[in-house]
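Inspection log for the structure reproduced underneath, given as structure tokens.
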Amino acid sequence: MRYIGSKAAIVDQIARAIQPRRNGYASLCDPFAGTCTVARYFKALGLRVITGDVLRQSYILQSAYVQLSRPPKFRRLLAFLDQQTPHSAPNSAQSVLDYLNGLPEKNGFITQQYSPGGPGGRLFFTASNARRIDRIRYTLDHWKHSDLLDSSEEAYLLAALLEASDRVANTAGTYYAYLKTFYRKALRGLVLQPPYIFGNGRRNRANQTDAVQLVKNSQTDILYLDPPYNERDYGAYYHLTETLALGDKPQVHGTSGMPHCRPAKSPFCCRDTALTTLSQILGAARTRCLAFHYSSNGLLPHAVILRLLRDRGPTTWSTINVRRYSSRAHAPPHAPTATRLYVCRVR
């Protein structure tokens, strides 16, 4: 998924700064997991990974990409589908995705609120893609309530739907606004693709919880912290994918169709509460290595971050340039923006 602050382009630099193999680190906790880019990378390195986030969409992605070691079997569902269409003989996760991709469209909540096919007239999806999303989401709910899916199977299919929906969303990367006309990618048809699932021989764990609670309840060699660094709230910027993950039908308002009720902003989106919350996390951390990733122009000053980390142990930091977010789909290249990666070897 496209995500503000994604570390996909720089995760190898993060790993080089932490040096897990050289330092004998065998586990990592990522309490701001987002789309799990960092967690998946360290999982591939063979570390036991514990992730968390307050958003349901992140928990879905964690459950699929972090917690699963192989695609689910879908035994109950496949037996049911085989009874419905005995000649198709479905026998794999891909068969389930093929079945969902072949369903007829359905006019539902996403069509009504986030496509030109509804009274809202919002252009997040074409009417056809919105109807496909509605049909697939309705089917997943029906299967879940009919006891045909367990939690891991549901997460696998929801992860596929979140990824597929994002690929055809008519946005520049967030759902705070849509583009004025449908651009090339948004005109493609929505197709579910199998999430890439792999095992690493470890018992990795996904959580939907706030960072303070996860850190208090976890003990790992590495604690990787990548919190929001300004007033931008991810729950608002990704409200539509959160609605897909939750499967609810909230009352919405405004140009973007923002739900009236959503969880409160992250404490890291306010200077005073960001400082307090970071202090709580660092004080509760049971780890050998604290890695804190933060923008150079974030709410918390560089000197304050260094002081807090040095209270726990010797700390070094380095600058990593990342691509600056733009709200335009075809924006010209921007000068990179600087982030800092602080690495503290805990006493």
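The basis for the numbers below is simple: all heavy atoms, side chains too, and nothing from hydrogens, waters or symmetry mates. These numbers were taken from a predicted model, which means no experiment stands behind them. For the single chain, residues carry numbers from 1 onward in sequence order.
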Any donor-acceptor pair under 3.5 Å linking the side chain of [X] with the backbone of [Y]?
| X | Y | value |
| --- | --- | --- |
| Glu242 | Gln57 | yes |
| Ser69 | Gly199 | no |
| Asn200 | Leu47 | yes |
| Asn170 | Thr126 | no |
| His253 | Met258 | yes |
| Arg132 | Leu190 | yes |
| Asp221 | Arg288 | no |
| Arg232 | Ile4 | no |
| Glu154 | Leu149 | no |
| Thr287 | Leu290 | no |

If you take all heavy atoms of [X] and [Y], which pair is closest and at what distance?
| X | Y | value |
| --- | --- | --- |
| Val54 | Asp210 | CG1-CA, 3.6 Å |
| Tyr59 | Asn207 | CD1-C, 3.5 Å |
| Pro31 | Leu225 | CG-CD2, 3.6 Å |
| Asp150 | Lys144 | C-NZ, 3.9 Å |
| Met1 | Leu61 | SD-CD1, 3.9 Å |
| Asp134 | Ile110 | OD1-N, 3.0 Å |

Practice task
State whether Tyr65 and Lys43 meet the cation-pi test: NZ (Lys) or CZ (Arg) under 6.0 Å from the six-membered ring centroid, and within 45° of the perpendicular axis.
Solution key: no
I need the [X] [atom1] to [Y] [atom2] distance, nearest 0.5 Å.
| X | Y | atom1 | atom2 | result |
| --- | --- | --- | --- | --- |
| Ile305 | Leu275 | CD1 | CG | 9.5 Å |
| Ser115 | Leu123 | OG | CG | 8.5 Å |
| Arg286 | Lys216 | CZ | NZ | 11.5 Å |
| Thr35 | Ile60 | OG1 | CD1 | 14.5 Å |
| Leu158 | Arg56 | CG | CZ | 8.0 Å |
| Leu162 | Leu157 | CG | CG | 11.0 Å |

Does [atom1] in [X] sit with more than 12 non-hydrogen atoms of other residues, nucleotides or ligands closer than 6.0 Å?
| X | atom1 | answer |
| --- | --- | --- |
| Tyr138 | OH | no |
| Arg21 | CZ | no |
| Arg70 | CZ | no |
| Arg188 | CZ | yes |
| Tyr25 | OH | yes |

Co-membership, hydrophobic cluster, residues [X] and [Y], 4.5 Å side-chain:
| X | Y | answer |
| --- | --- | --- |
| Leu341 | Leu282 | no |
| Ile320 | Tyr229 | no |
| Leu103 | Phe109 | yes |
| Phe292 | Val322 | no |
| Val304 | Val343 | no |

Exercise for the section: Determine the sole option in Tyr175, Tyr176, Tyr3 for which the ring pair (Phe, Tyr, Trp, His ring centres under 6.0 Å) test with Tyr237 is passed. Expected result: Tyr176
Exercise for the section: Please say which of Phe32, Tyr294, Tyr234 ends up in a ring pair (Phe, Tyr, Trp, His ring centres under 6.0 Å) with Phe268. Expected result: Phe32
Practice task
Taking the side chain as every heavy atom from C-beta outward, state whether Arg2 and Thr171 have any atom pair closer than 4.5 Å.
Solution key: yes
Handout entry: Test side-chain contact (heavy atoms from CB on, under 4.5 Å) applied to Thr277 and Ser266, Pro267, Pro227, the passing residue
Key = Pro267
Exercise for the section: I would like to know whether Glu105 and Ser128 meet side-chain hydrogen bond (donor to acceptor under 3.5 Å, both in side chains); could you show each step before the answer? Expected result: CA-CA 7 Å; Glu105 298 174 359; Ser128 177; 2.6 Å; yes
Handout entry: Ring centres under 6.0 angstrom apart (Tyr178, Tyr114)
Key = no
Practice task
Check the pair Leu308 / Leu300 against side chain to side chain contact (heavy atoms under 4.5 Å, CB included), numbers first and verdict last.
Solution key: CA-CA 11 Å; Leu308 291 175; Leu300 294 176; 6.0 Å; no
Practice task
Just do the side chain to side chain contact (heavy atoms under 4.5 Å, CB included) check on Asp226 and Val38 with the steps written out, would you?
Solution key: CA-CA 10 Å; Asp226 182 24; Val38 172; 5.8 Å; no
Problem - Test log, rule side chain to side chain contact (heavy atoms under 4.5 Å, CB included), inputs Leu28 and Asp30 - result: CA-CA 7 Å; Leu28 174 139; Asp30 181 359; 3.9 Å; yes
Problem - Audit row: Leu45, Phe42, side chain to side chain contact (heavy atoms under 4.5 Å, CB included) steps and yes/no - result: CA-CA 5 Å; Leu45 292 181; Phe42 279 86; 4.1 Å; yes
Exercise for the section: Report yes or no: do Ser92 and Ser95 form a side-chain donor-acceptor pair below 3.5 Å? Expected result: yes
